[in-house]
Amino acid sequence: MQVRTRFAPSPTGFMHLGGLRTALYCYLFTKKHEDGKFILRIEDTDQERLVEGAVEVIYDTLRGCGIHWDEGPDVGGPVAPYVQSERKDSYLPYAKQLIDEGHAYYCFCTKEDLQQRREAAEAQGLTWKYDKHCLHLSKEDIQQKLDSGIPYVVRQNTPVTGDSDFDDLVYGHIMAPNETLDDMVLIKADGMPTYNFANVIDDHLMGITHVIRGMEYLSSTPKYNLLYKALGWDIPQYIHLPTVMRDSKHKLSKRDGDAYYSDFVKKGYLTEALINYLALVGWNPGDEREFFTMEELQQAFSVEGLSKSPAIFDINKLTWFNAEYIRKLDADKYLELAKPWFDSVLDGKGIDYTRLAQLMQGRTEVFNRIPEMVAFLGERPAFDTSLYENKKQKSSLETTPDALKLSISLLDSVSDWTEENIHKALMEGIAAAGLKNGTVLWPLRIALSGLLSTPGGAIEIAFLLGREESMRRLESALDQLA
RNA sequence: GGCCCCUUGGUCAAGCGGUCAAGACACCGCCCUUUCACGGCGGUAACAUGGGUUCGAGUCCCAUAGGGGUCACCA
């Protein structure tokens with residue numbers, strides 16, 4: 001049997017990381033199977049939440065992540081259209097059929113009515129559930145309301161006795177008493193289907209064999225199954241996914257400012273690192289491997305490796321992955337990606353970006369941390385002379401003036417300002433003076449950078465700064481000590 | 001509150017009746033080193049609780065507790 005899955009996002013304008021992970025698993029699962037088809041379906045039944053350009057965001061994100069769909073709005077397919085608003089007319093007939101067979105009914109209750117009854121029930125400490133009020137309307141009554149144009153919705157008529165159960169590939173056997181199932185709205189007053197209904201209809205019409213989605217749908221699945229049965233359709237296999245959490249109490253949400261794919265890209269996280277990490281939140285390959293390309297993920301993925309418990313999104317580990325991926329970048333690629341960040345604080349300063357990139361690549365965890373690490377090359381920050389003191393390097397406020405003077409004369413003797421020459425001049429001069437490297441190099445680096453730690457040592461920094469700027473900084477450092 | 005799901009170190013997690021309970025991130029220490037980082041070595045740290053079942057339980061069952069989800073004319 002051909003495996004057909006679907007990723008069905010709402011076009012909200014952003015790609016949530018939880019959604020991205022769902023898409024990823026869905027894609028991986030499908031590619032695991034011979035001739036499996038991964039379908040992209042846009043769920044835009046909520047006309048009030050339409051966002052301009054939102055569908056493009058979905059396309060771009062998925063493609064950028066290496067997740068490719070076989071059928072979808074833009075590429076077409078045998079069961080087009082793939083946008084729910086364009087399928088609007090296909091839902092009502094099924095709703096009518098359900099009504100005729102007693103599995104659904106017209107409901108004329110207004111939101112206000114409902115609100116009132118709900119509050120009344122809750123005031124008594126009762127659990128509110130639609131009271132099937134409109135189920136008991138007479139045929140004539142219904143027809144008359146319909147004729148006079150009173151707005152209506154269509155509700156599912158769920159049984160009040162018995163149990164519903166099904167098997168989930170991740171969570172196993174799930175059973176729920178029917179009496180706890182609400183008569184959910186299938187068709188809204190505006191004629192659009194609700195997600196709950198459109199989903200069932202489309203999944204069937206599109207031949208979806210495996211429904212892969214977040215576990216927030218686990219408890220409404222019995223209701224969907226009732227619909228499948230009423231329509232005489234086969235129920236698909238279910239694969240519900242554990243939630244991605246921000247911490248033990250909250251799921252990763254929009255308001256944290258770091259729940260969207262674009263947030264991370266903006267900060268300087270690499271897509272490959274994000275995908276790699278995301279794949280491991282809620283799934284493991286069963287062995288010790290941690291690094292995966294998309295191809296390797298396709299190979300390694302299996303439903304058995306999916307976990308049931310919610311997983312906390314660990315920015316720390318993501319950052320580690322990112323740093324690892326950055327280190328593996330080609331030097332050219334790194335420079336290309338780092339340049340805008342260098343420019344943000346060093347534009348026009350004449351710094352050798354190629355050399356700077358070499359020094360920075362191994363120290364960059366996230367690109368947005370670059371500016372604060374290299375800004376000192378553009379302008380030395382004010383610093384306290386106590387930085388010169390370092391016991392281990394045998395450097396103190398007493399040894400510093402002489403060390404800086406020696407540095408100045410040594411650097412002054414360098415004819416061609418290359419790192420090699422600077423290194424040679426300093427090392428030989430320090431040895432000749434009978435000093436320890438640290439005694440000279442430590443204060444030199446402090447004087448040049450004004451920083452306790454820098455990307456590179458005194459020699460690299462002197463080189464990057466250039467002779468003129470280096471000398472200027474050393475002289476002013478000496479003044480500061482006087 | 002009803003219903004559903006979940007519960008191994010701070011985090012991700014292996015384990016699928018018999019292990020001194022893996023590994024990774026983070027953290028700490030040491031080494032390397034002209035700082036930092038990288039790298040190398042080492043360390044701290046866990047089976048939520050209580051009952052069963054069993055020769056034997058993190059692994060099976062039942063409670064309790066804690067957490068999450070869901071109860072919309074949102075998806």
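By convention in this document, chain letters (A, B, ...) are assigned in the order of the sequence lines, proteins followed by strands, and residues within each chain are numbered from 1. Note that the structure is predicted; figures quoted are calculated from it, not measured.
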What's the verdict on salt bridge (charged side-chain N to carboxylate O under 4.0 Å, His left out) for A:D287 and A:R289, showing C-alpha distance, side-chain angles and the deciding distance?
CA-CA 6 Å; A:D287 56 36; A:R289 282 180 298 166; 3.2 Å; yes
Taking the side chain of [X] as heavy atoms from C-beta outward, which of [options] is closest to it?
X	options	result
A:D314	B:C25, B:C74, B:C5	B:C25
A:M245	B:C73, B:G68, B:C12	B:G68
A:K188	B:G2, B:A24, B:A75	B:A75
A:E290	B:C4, B:A24, B:A75	B:A24
A:P310	B:G69, B:C6, B:A75	B:C6
A:T194	B:A75, B:C6, B:G68	B:A75

With RNA chain B as reference, determine whether A:T110 or A:L318 sits nearer its 5' end, using the nearest nucleotide of each.
A:L318
Pick the closest RNA chain B nucleotide for A:C109 and for A:N316 by heavy atoms, then say which residue is nearer the 5' end.
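The residue closer to the strand's 5' end, by nearest nucleotide, is A:N316.
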Do the numbers put [X] on top of the ring of [Y], so that NZ or CZ is under 6.0 Å from the six-membered ring centre and no more than 45° off the axis?
X	Y	answer
A:R246	A:F313	no
A:K229	A:Y224	no
A:K267	A:Y269	no

To the nearest Å, how far apart are [X] [atom1] and [N] [atom2]?
X	N	atom1	atom2	answer
A:M15	B:A75	CE	C1'	14 Å
A:K251	B:C5	NZ	P	18 Å
A:D131	B:G2	CG	P	21 Å
A:R246	B:G67	CZ	P	16 Å
A:Y130	B:C71	OH	P	18 Å
A:Y195	B:C73	OH	P	16 Å
A:D165	B:C4	CG	C1'	13 Å
A:D247	B:A26	CG	P	20 Å

Atom [atom1], compared across [N] and [M]: separation rounded to whole Å:
N	M	atom1	answer
B:G68	B:G58	P	28 Å
B:G9	B:U44	C1'	10 Å
B:G67	B:A22	C1'	26 Å
B:C3	B:G15	P	33 Å
B:G40	B:U33	C1'	13 Å
B:G69	B:G10	P	22 Å
B:A14	B:A46	C1'	13 Å
B:C61	B:U53	C1'	7 Å

Using modelled atom types only, decide if a donor and an acceptor are shared between the side chain of [X] and the backbone of [Y] within a distance under 3.5 Å.
X	Y	answer
A:T22	A:G18	yes
A:R473	A:L448	yes
A:D330	A:K333	no

What's [X] touching, base or sugar-phosphate or nothing? Going by heavy atoms closer than 4.0 Å.
X	result
A:Y277	nothing
A:R213	nothing
A:E288	base
A:N196	base
A:M175	sugar-phosphate
A:V185	sugar-phosphate
A:P177	sugar-phosphate

How would you summarise protein contacts on nucleotides 34-45 of chain B per nucleotide, using B for base, S for sugar-phosphate only and - for none, with heavy-atom distances below 4.0 Å?
BBBSSS------
Partner of [N] by Watson-Crick or G-U wobble geometry, both contacts under 3.5 Å, or none?
N	result
B:A22	none
B:A48	B:U64
B:C74	none
B:G42	B:C28
B:A37	none
B:A57	none
B:C16	none

Judged by modelled atom types alone, do A:S395 and A:N390 share a side-chain donor-acceptor pair under 3.5 Å?
no
A:E112-A:Q116 side chain donor-acceptor pair, cut-off 3.5 Å
no
Taking OP1 and OP2 of [N], is either one under 4.0 Å from a side-chain nitrogen or oxygen of [X]?
X	N	value
A:S307	B:A13	yes
A:R289	B:G23	no
A:K249	B:G69	no
A:N284	B:A14	yes
A:K308	B:C6	yes

Atom NZ of residue position A:K394 - does it have more than 12 heavy atoms of other residues, nucleotides or ligands inside 6.0 Å?
no
Ring centers of A:Y217, A:Y195 separated by less than 6.0 Å:
yes
Do you know which of A:Y277, A:Y325, A:F291 makes ring-ring contact (aromatic ring centres under 6.0 Å, His included) with A:W320?
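Output: one option passes, namely A:F291.
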Does the B:A24 base have a donor-acceptor partner in the side chain of A:K317 within less than 3.5 Å?
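Flag set: donor-acceptor pair detected.
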